[in-house]
2 protein chains.
Amino acid sequence: MTGLRSARPPTVQQYVLESLRAAITTGELAPGAPIRQDTVAERLGVSRVPLREALKILEGEGQVVYLPRRGYIVAELSLEDLVEVYRIRDLLESEAARAAVGRLTDADLERVAEAQRDVEQAATRGDLLAMTEANRRFHFAILGGCGMPRLLRIIRNLWDSTDAYRSVYYNTTANRARVEREHRAILAAVRRRDADDLVRLLAVHRDHAVAALREIIAPPDGTARRAPSRPE
Amino acid sequence: MTGLRSARPPTVQQYVLESLRAAITTGELAPGAPIRQDTVAERLGVSRVPLREALKILEGEGQVVYLPRRGYIVAELSLEDLVEVYRIRDLLESEAARAAVGRLTDADLERVAEAQRDVEQAATRGDLLAMTEANRRFHFAILGGCGMPRLLRIIRNLWDSTDAYRSVYYNTTANRARVEREHRAILAAVRRRDADDLVRLLAVHRDHAVAALREIIAPPDGTARRAPSRPE
DNA sequence: CATGGTTATATTGGATCCAATATTAGCCGC
DNA sequence: GCGGCTAATATTGGATCCAATATAACCATG
């Protein structure tokens, strides 16, 4: 019985917040686009107050930028910004991985393996959304064992801030295959409790992602110029 | 017209946000204390709407925690939390310092030196508030040269989150003297563009702070138990 | 034709009001 | 006296309304 799965949040602001996050990751709210409060509020069937509060959270997280009296726009990341985010992730995830590798329980390992299976299944189905979700679950199942909640929060934030740019990476079958390969190696390193190897594998994993983003956003030949532009 | 200074009154939410930050750093809003919206709004002479928006920003930054239908409380840091924050700062500030040391202009160096002088003057005056302000200016004058805005934002956040606990460190003359000594060494390393030494000095600087906090918050003999409790 | 100013419109910012829920106080039965 | 139930109160959550300001449209003028 599915029962009361994914019960709607207790407060409207949380519902709005989740909706906004989803809209940003799917590209419905494109980077750089202004957020018309009246429009969004009406679409979600709520007033502007909870919407504004949700926007403030995203502002505090850096997901949107606020221009007084002019409104909110989705934060736009240049290639330079993306590189910076990945560099910071490098520093923080290495620490988290080292701290986590010795603390993961068997149940944790099972969750990592399950997420990995889900990633592969979603990949074969070609379901990008499910793939990004499972991929996130995979990584945080590992890092989550570090026992450093603030560190995890920051890392989660960094992931969020690049969500709008992540799906483009999974668009090619070659990248998807590489992700699978690298995930298997990462899982093996976790099982062996080999911190050094784990950190190294995660680093190359990220490097591949940033290299792909570099090609897509600012390719040498200049075919495409900007971030994924999603028409309505 | 009287001077057209850029200090025109910003939006109310920004005024409220600054007030809240100040109240947290001074301890007027103590860690763990609930934030009564009606009371705070009335004291600031504003309605609850901009207050709630400001609180949402602080929530996104992790400065306050939000319990649906129950309100906001100032985030409380255990000793473990403080250690975690300083560990993360370790990782991020080392990176920022390395990136900054080669990019600082002469004007930047002058600002660092000026901040250092201000720290010493405030210390001799015994003005703790001015000392924490100048200390912050000193450190960010150095780190600010890194050219990584997101990294700086995160570091700033980490500083904010421990502001309520910082002033206790400056309470003893011994600690104040040590800060001066270490600042001079740090400034010298910056002037020499010696990244390795700078990173090392910053690390011991932080270590001393966390050691002092450890003594104050959880001393071996157990004279004091909790965070700085500031009566009205 | 360009440009500057003026009005009209759209959009955000903030305050007040009402509803929903949590907290407390009081009461009853055991 | 103690635990649990119920009513009264306090506090937060959300919607609507009005004010302040930015943006767009328009017209006059050089």
Side-chain angles (χ1 to χ4, degrees), chain A residues 4 7-24 28-76 232, chain B residues 1 4-21 23-24 28-76 232:
Chain A
L4 47 155
R8 77 167 195 286
T11 69
V12 175
Q13 23 175 317
Q14 295 186 5
Y15 159 68
V16 173
L17 181 59
E18 288 180 19
S19 302
L20 286 179
R21 287 195 200 280
I24 290 175
E28 191 178 346
L29 287 178
I35 300 174
R36 228 46 99 190
Q37 296 180 13
D38 254 327
T39 311
V40 176
E42 191 175 10
R43 172 171 301 191
L44 295 177
V46 300
S47 94
R48 276 172 50 218
V49 174
L51 169 62
R52 275 158 61 179
E53 300 198 2
L55 284 170
K56 281 296 173 195
I57 289 204
L58 294 177
E59 185 195 351
E61 292 180 357
Q63 304 273 99
V64 304
V65 304
Y66 168 64
L67 303 96
R69 297 267 167 208
R70 297 188 52 193
Y72 300 82
I73 63 175
V74 182
E76 200 167 6
E232 180 60 48
Chain B
M1 309 307 174
L4 51 153
R5 294 185 307 108
S6 60
R8 73 182 162 196
T11 68
V12 174
Q13 21 175 322
Q14 294 184 2
Y15 160 68
V16 173
L17 181 58
E18 287 178 22
S19 304
L20 287 179
R21 286 194 201 282
I24 290 175
E28 192 179 345
L29 287 178
I35 300 174
R36 291 254 203 259
Q37 299 181 10
D38 254 326
T39 311
V40 176
E42 192 175 9
R43 170 171 302 192
L44 295 178
V46 301
S47 93
R48 278 173 50 219
V49 174
L51 169 62
R52 275 157 62 180
E53 300 199 4
L55 285 170
K56 281 298 171 193
I57 287 204
L58 294 177
E59 185 195 350
E61 292 179 358
Q63 304 274 99
V64 304
V65 304
Y66 168 64
L67 302 97
R69 297 265 164 209
R70 298 188 52 192
Y72 300 82
I73 63 175
V74 182
E76 199 166 8
E232 177 63 45

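Only a predicted model underlies this, so the values are computations on that prediction, with no experimental measurement involved. Order of the sequence lines sets the chain letters (A, B, ...), proteins ahead of strands, with each chain counted from 1.
- The shortest side-chain heavy-atom distance between A:T11 and B:Y66 falls under the 4.5 Å cut-off.
- The shortest side-chain heavy-atom distance between B:Q63 and B:L20 does not fall under the 4.5 Å cut-off.
- Distance, A:L67 CG to C:dG13 C1': 14 Å, rounded to whole Å.
- Within the nucleic acid shown, A:R52 comes within 4.0 Å of at least one base atom, counting heavy atoms only.
- Atom NZ of A:K56 and atom P of C:dG13 are 7 Å apart (whole Å).
- Backbone-only contact: A:I35 has heavy atoms under 4.0 Å from sugar-phosphate atoms and none from a base.
- Considering only side-chain atoms of A:R36, the nucleotide from D:dG13, D:dA20, C:dT11 that sits closest is C:dT11.
- Using a 4.5 Å heavy-atom cutoff, the side chains of A:Q13 and A:V46 are not in contact.
- Base contact: A:R48 has a heavy atom under 4.0 Å from a base atom.
- B:Y15 comes within contact range of no nucleotide atom at all, as no heavy-atom separation falls under 4.0 Å.
- Summarising the geometry, the separation between CZ on B:R69 and P on C:dT24 is reported as 17 Å, rounded to the nearest angstrom.
- Between the CD1 atom of B:I73 and the C1' atom of C:dA22 there is a distance of 15 Å, given to the nearest Å.
- A:Q13 comes within 4.0 angstrom of the backbone, heavy atoms only, and of no base.
- A close approach under 4.0 Å does occur between a side-chain nitrogen or oxygen of A:Q37 and OP1 or OP2 of C:dG13.
- Annotation: of the two residues near DNA chain D, A:R70 and A:V46, the 5′-most nearest-nucleotide partner is A:V46.
- In this structure, of C:dG13, D:dT16, C:dT16, it is C:dT16 that holds the atom nearest to the side chain of B:S47.
- Contact annotation: the side chain of A:V49 approaches that of B:R52 to within less than 4.5 Å [non-hydrogen atoms, C-beta and beyond].
- Taking for each of A:V49 and B:G71 the nucleotide of DNA chain D with the nearest heavy atom, the 5'-most of the two is the partner of B:G71.
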